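Each chain gets a letter, A, B and so on, in the order the sequences are listed, and its residues count up from 1. Only a predicted model underlies this, so the values are computations on that prediction, with no experimental measurement involved. Below, each value reflects all heavy atoms present in this structure, side chains not excepted, and no hydrogens, waters or symmetry copies.
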Amino acid sequence: MSPVLEMKNIHKSFEIGTVNENHVLKGIDLTIHEGDFITIIGGNGAGKSTLMNSIAGSFPVDQGKISLEGKDITNEPTMKRAKYIGRVFQDPRMGTASRLTIEENMAVAWKRGKKRGFGIGVKDEQRHSFQEALKRLDLGLENRMKMEIGLLSGGQRQAVTLLMASLVTPKLLLLDEHTAALDPKTSQMVLDLTKKIVEEEKLTTLMITHNMEQAIQYGNRLIMLNEGNIVVDIAGEEKQHLTIPDLLELFHKNSGTILNEDALILS
Amino acid sequence: MDILLSSTSQGLLWSIMAIGVYLNFRILNITDLTAEGSFPLGAAITATLIVNGIPPWIATLAALVSGMLAGVISAVLHTKLKIPSLISGIITMTGLYSINLRIMGKANVNLLGESTLMRTVESLGIKSNLSTLVVGGIVTSLVILVLKAFYSTETGLAIRSTGDNPSMSEANGINTDKMEIISYMLCNGLIAMAGGLIAQDNGFADISSGIGTIVIALASIVIGEVIFRHLTFAKRLMTIVIGSVLYRLMLSLVLELNVDPQDLKVFSAILLTVALASPLVKLPNKGKRKTPQVKKKGATTI
Ligand SMILES: Nc1ncnc2c1ncn2[C@@H]1O[C@H](COP(=O)(O)OP(=O)(O)OP(=O)(O)O)[C@@H](O)[C@H]1O
Ligand SMILES: [Mg+2]
């Protein structure tokens with residue numbers, strides 16, 4: 001069987017031809033297998049979000065090929081790729097439409113990758129399954145489904161976004177520091193929920209984090225980016241026994257630079 | 001009493017235009033100036049067809065369709081050619097001026113003595129001073145009912161989420177360009193239909209009748225928003241009707257004070273300024289909308 005996602009020699013620069021030209025991804029090769037839960041770590045500006053955005057199709061890449069289950073998607077726009085990809089952004093406001101109600105937002109996600117016609121937007125049977133899904137969050141949102149989502153707290157919105165991303169089972173779930181904007185307690189709640197959903201639905205997942213401990217604790221595989229290159233990629237047994245000093249050592253060995261540990265752990 | 005009746009009747013017709021403007025202005029956060037071209041377009045089409053013996057209701061529907069086409073042009077300029085919405089509206093509006101002149105063949109088409117929707121209603125036994133109220137009431141109610149139903153369909157939700165959050169919408173597989181095109185079509189279709197109805201009520205279509213109409217529409221919307229806050233979609237549309245009637249009422253009162261009708265546009269401009277400056281009203285993102293592209297650092301990262 002072909003891997004879920006395959007990236008071959010991906011290059012991406014921004015503002016080409018200006019003084020600000022910035023070569024962000026420098027030949028990324030990455031193969032993601034079914035059931036992989038990959039944590040991605042790396043310093044500010046290393047290209048983590050750019051990597052994720054190029055998988056989601058937010059912009060065309062300059063060079064290289066991206067295929068999903070063997071199908072070349074390099075030139076497909078975001079809205080086409082949405083059929084296979086669920087996403088949660090860092091900013092809780094990014095993942096939901098604030099003036100739509102909770103149930104309307106979920107109805108939009110329910111139709112991800114499907115044709116939208118002139119049927120009723122929120123149907124009764126959907127309402128029922130949204131309610132069931134919201135109950136799992138244990139935030140009492142199942143009784144407030146007609147509330148504008150913009151009135152929810154960041155953590156609540158992020159939890160709903162996560163539900164929305166998995167409402168139609170994605171082939172790939174992309175999480176870009178989706179807990180970074182939350183307070184520690186809420187952040188832990190959303191992380192626990194992430195783990196629960198990913199495990200129950202066996203979702204193939206990419207999760208960017210700034211927290212080394214999280215990167216080690218979650219997932220079966222860890223990738224470290226530095227200046228647009230993958231410098232660490234470990235999985236399985238080896239990853240399970242990894243410690244933060246090991247990781248710093250690996251990074252140093254592979255990239256030739258010393259990592260400012262605080263920058264990664266504390267943010 | 002007379003003033004109240006005439007303001008309500010005209011307010012109903014004008015509210016159709018304001019509702020059209022609302023669809024792009026508040027739902028998509030786009031200020032679409034195509035309005036000032038599609039309004040006289042509707043008037044031109046309706047008047048010309050009626051003068052040529054076409055039944056008024058067909059002429060009115062033709063105005064609706066012509067406005068939708070005008071909307072498609074602005075929408076394509078904006079979404080496909082990436083021209084900023086303000087400019088694409090101005091381009092279409094300017095082009096429409098010549099087209100409207102071509103349609104009418106002259107600057108003014110007279111409808112006196114022709115069969116209009118108002119005459120049709122009168123022929124059914126309605127008193128002539130009530131005919132505009134009846135036509136306006138029926139059309140406005142229909143428009144609100146249809147829009148309420150449409151904006152709660154799957155496509156309607158997709159249009160609303162596109163206006164709210166384009167990147168989230170794309171991430172959910174919504175064709176945001178297509179949604180904007182539909183919104184532009186609805187918006188300008190309604191505006192042109194209002195143009196056609198108002199021409200029938202006035203008894204003439206005029207090439208320059210579009211000037212200042214966007215200000216009138218925005219004033220009606222904002223008056224409704226200042227008076228009634230935080231409402232659901234259908235109720236909001238109703239407040240636009242109220243805003244539109246109140247606007248007409250204020251206009252009539254100003255005229256009662258022996259103000260020269262030529263100076264009315266200054267009044268409209270001042271009224272809109274006062275309403276918008278009121279701290280209760282929030283402008284949508286200062287007229288700009290979020291780019292669907294993932295933005296530079298800061299948008300998706302710390
Ligand atoms: N749309 C864009 N246009 C121009 N430059 C961009 C764009 N997106 C990212 N960049 C630049 O690319 C570089 C890498 O950014 P990216 O967001 O991928 O980093 P990151 O690894 O996610 O960092 P962080 O940990 O701060 O989120 C940065 O220098 C950033 O300024
Ligand atoms: Mg980032």
Side-chain angles (χ1 to χ4, degrees), chain A residues 14-15 44-45 48-50 52-53 56-59 77-83 85-91 93-100 104-105 107-123 146 148-150 161 164-165 168 174 176-177 180-181 208 210 267, chain B residues 22 25-29 79-80 146-182 186 225 229-233 236 282 284-285 289-302:
Chain A
F14 289 110
E15 317 203 34
N44 286 109
K48 305 179 296 294
S49 298
T50 306
M52 210 167 253
N53 290 336
S58 308
F59 39 67
T78 306
M79 86 196 179
K80 285 254 172 66
R81 296 188 202 188
K83 191 169 176 182
I85 295 174
R87 271 190 106 173
V88 185
F89 305 89
Q90 176 180 345
D91 183 345
R93 285 165 305 184
M94 286 277 288
T96 47
S98 39
R99 286 182 298 169
L100 268 57
E104 285 171 339
N105 268 283
V108 165
W110 172 280
K111 279 272 163 185
R112 180 163 56 76
K114 298 184 197 130
K115 214 176 135 30
R116 285 163 216 265
F118 298 101
I120 298 173
V122 192
K123 296 178 192 64
K146 292 207 190 301
E148 269 185 30
I149 212 158
T161 310
M164 284 165 57
V168 175
L174 302 179
D176 188 350
E177 295 190 55
I208 297 178
H210 257 180
S267 53
Chain B
Y22 177 84
F25 180 64
R26 283 302 191 213
I27 297 186
L28 283 193
N29 299 332
T79 57
K80 303 296 180 197
V146 169
L147 288 180
K148 176 179 159 51
F150 177 73
Y151 277 91
S152 48
T153 63
E154 294 160 5
T155 305
L157 283 187
I159 295 177
R160 287 164 54 204
S161 85
T162 298
D164 253 22
N165 190 340
S167 18
M168 169 268 191
S169 303
E170 279 184 12
N172 278 293
I174 293 173
N175 185 339
T176 51
D177 283 357
K178 191 169 137 193
M179 295 308 139
E180 289 196 16
I181 293 174
I182 298 177
L186 283 175
E225 287 176 341
R229 320 215 47 218
H230 296 306
L231 289 178
T232 56
F233 181 67
R236 172 56 67 212
K282 253 192 7 228
N285 301 337
R289 54 191 292 273
K290 286 176 222 145
T291 39
Q293 285 267 321
V294 169
K295 276 165 285 181
K296 289 187 189 168
K297 269 182 84 81
T300 50
T301 56
I302 303 177

Once side-chain contact (heavy atoms from CB on, under 4.5 Å) is applied, do any residues pair with A:I120, and if so which ones, sequence neighbours excluded?
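Per chain and number, A:I120 pairs via side-chain contact (heavy atoms from CB on, under 4.5 Å) with A:K123.
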Between A:E104 and B:R160, does any NZ, NE, NH1 or NH2 come within less than 4.0 Å of an OD or OE carboxylate oxygen?
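So B:R160 pairs with A:E104 through a salt bridge.
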Neighbour count above 12 (heavy atom, 6.0 Å) for A:K115 NZ
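Result for NZ/A:K115: open.
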Part of [X] lying under 4.5 Å from any heavy atom of chain B:
X: A:T161; result: neither
X: A:A56; result: neither
X: A:I208; result: neither

Ignoring hydrogens, what is the shortest heavy-atom contact between B:T176 and B:P166? Give both atom names and the distance.
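Looks like CG2-O, 3.9 Å.
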Return the option, out of [options], with the maximum number of heavy-atom pairs under 4.5 Å with chain B.
options: A:A82, A:G121, A:A181; result: A:G121
options: A:K111, A:R112, A:R99; result: A:R99
options: A:G113, A:G95, A:G57; result: A:G95
options: A:G117, A:A109, A:A165, A:G150; result: A:G117
options: A:M52, A:K48, A:M79; result: A:M79

Between B:F150 and chain A, with a heavy-atom cut-off of 4.5 Å, which part of the residue counts as in contact: side chain, backbone, both or neither?
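Side chain only.
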Given heavy-atom pairs under 4.5 angstrom as the criterion, report whether the side chain, backbone, both or neither of B:S152 touches chain A.
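When you check distances to chain A, only backbone atoms of B:S152 fall under 4.5 Å.
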Non-hydrogen side-chain atoms of B:M168 and A:M164 separated by less than 4.5 Å
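Contact flag for B:M168/A:M164 side chains = yes.
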Would you say B:N172 and B:S161 make side-chain contact, with heavy atoms under 4.5 Å?
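Sidechains of B:S161 and B:N172: no contact.
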Can you classify the ring geometry of B:Y22 versus B:F233 as parallel (below 30°), tilted (30 to 60°) or perpendicular (above 60°)?
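Tilted, since the angle between the ring planes falls between 30° and 60°.
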